[in-house]
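Heads up: the structure comes next, in structure tokens.
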Amino acid sequence: MYREHTKIIKIGNKRIGGGNPILMQSMTNTKTEDVEATAAQILKLEAAGCDIIRCAVPTMEAAKALGEIKKRIHIPLVADIHFDYRLAVAAMEHGADKIRINPGNIGSADRVKAVVDVAKERGIPIRVGVNSGSLEKELVEKYHGVTAEGIVESALDKVHMIEDMGYDNLVISIKSSDVMMCAKAHGQIAERTNYPLHVGITESGTILSGNIKSAVGLGIILSQGIGDTIRVSLTGDPLEEIKSAKLILRTLGLRKGGIEVVSCPTCGRTQIDLIGLANRVENMVEDIPKTLKVAVMGCVVNGPGEAKEADIGIAGGKGEGLLIRKGEVIRKVPEGELLGALREEILKFEEE
């Protein structure tokens, strides 16, 4: 697998590459200059399982705020920089654990070198990011449009520029909103470099469409052994990005831990508010850091059988439900008490 052989890069107190666990990233949507709001959002993301956080740095005030933000959080902080090389330098001086730049929009080689020199002096990794939407005109013309080949060439050109400046503490990110193009590009770049790759589908969309596109794209890429960090980019609350990232990694067998909730799609036999119940169960188990499978089934016809593969399950009836443990029915519970009874059973189960 590609990820087993990528270069190990240290980001704050985390390590990526070389077969280390795939880490989940998100990005704050607060104004970075607002230290209180930004730190508060990051702490919520930490609690949800976020491993690395990225903040936009559009102003010098934002760059300076990073130092105070870092004092309040516990995960590595990445500064997202565009256009102004001075912001990258300031971000590193104020404690950024990694910077994300596109050398193509930073300016002249001298300006890129000014950033690289500070990164080298401080041992700060640089994420070289290229998006299909910012592909250089020459490459668009060369490949007759925006293509996977063009994205890969653009990224490697920038990597080689920084290598020529004497620095190789790098992470590469190549993204596109075109799922299949993105997957193809990752397959190509994995054959041409051993730098760790940050993977995601950019501008993927809202909670619904973004999750589907990200699950398909990340599923293809990660299942090929490619990808050292991931971000599920969604137009919504960043917390949703971490929830989705965890599910994608767990579904692919790339991360363990947490409670997996499985539920049936409902049918005409359902006599309980299964949709509402399943959602409440998912929310209820978020704070229980154990590895369990919980089944939420809609009827007592197939429910007990379908729940056999789960550690604990509930199967709905008319105004009540069966509480099931390792395939065995424990007792009947009134509908209004099901959620509490299920949580109690989960907590008892984890104590054994």
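Keep in mind it's a predicted model, so treat the numbers as computed, not measured.
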Has K14 got more than 12 heavy atoms of other residues, nucleotides or ligands less than 6.0 Å from its NZ?
yes

Ion pair D311/K293, N-O distance below 4.0 Å:
no

Electrostatic pair E345:R325 at N-O distance under 4.0 angstrom
yes

I'd like to know whether NZ of K184 has more than 12 heavy-atom contacts from other residues, nucleotides or ligands below 6.0 angstrom.
no

Greater than 12 external heavy atoms within 6.0 Å of I275's CD1:
no

Within 6.0 Å of CD in E328, more than 12 heavy atoms from elsewhere
no

If the threshold is 4.0 Å, N to carboxylate O, is there a salt bridge linking D168 and K7?
yes

Just wondering, are more than 12 heavy atoms of other shown residues or ligands nearer than 6.0 Å to CZ in R15?
no

Applying a strict under-4.5 Å side-chain criterion to I, L, V, M, F, W and Y, I'd like to know whether L77 and I52 cluster together.
no

Rounded to the nearest 0.5 Å, how far does CG of D51 lie from CD1 of I11?
10.5 Å

Should P125 and K98 count as side-chain neighbours, where that means a heavy-atom distance under 4.5 Å?
yes

Test E153 against K142 for salt bridge (charged side-chain N to carboxylate O under 4.0 Å, His left out), laying out the working first.
CA-CA 11 Å; E153 184 172 331; K142 176 180 178 180; 3.0 Å; yes

Would you kindly confirm whether I53 and M24 end up in one hydrophobic cluster when ILVMFWY residues are joined by side chain heavy atoms under 4.5 Å apart?
yes

Can you tell me if T6 and D228 form a side-chain donor-acceptor pair at under 3.5 Å?
yes

Hydrophobic cluster membership, I226 vs L23, 4.5 Å side-chain cutoff:
no

Under a 3.5 Å cutoff, is there a donor and acceptor pairing between the side chains of N29 and Q41?
yes

Using only heavy-atom distances, determine whether the side chains of E163 and Y195 contain a donor-acceptor pair under 3.5 Å.
yes

I'd like to know if R72 pairs up with E36 as an ion pair, taking the criterion as any Lys NZ or Arg NE/NH1/NH2 lying under 4.0 Å from an Asp or Glu carboxylate oxygen.
yes

Decide, yes or no, whether a salt bridge links D97 with K70 under the criterion of side-chain N to carboxylate O below 4.0 Å.
yes

Using the test side chain to side chain donor-acceptor pair (under 3.5 Å), find all partners of T193 that sit at least two apart in sequence or belong to another chain.
none

Residues passing the side-chain contact (heavy atoms from CB on, under 4.5 Å) test with E33, sequence neighbours excluded, are K31, P58, T59, E61, A62

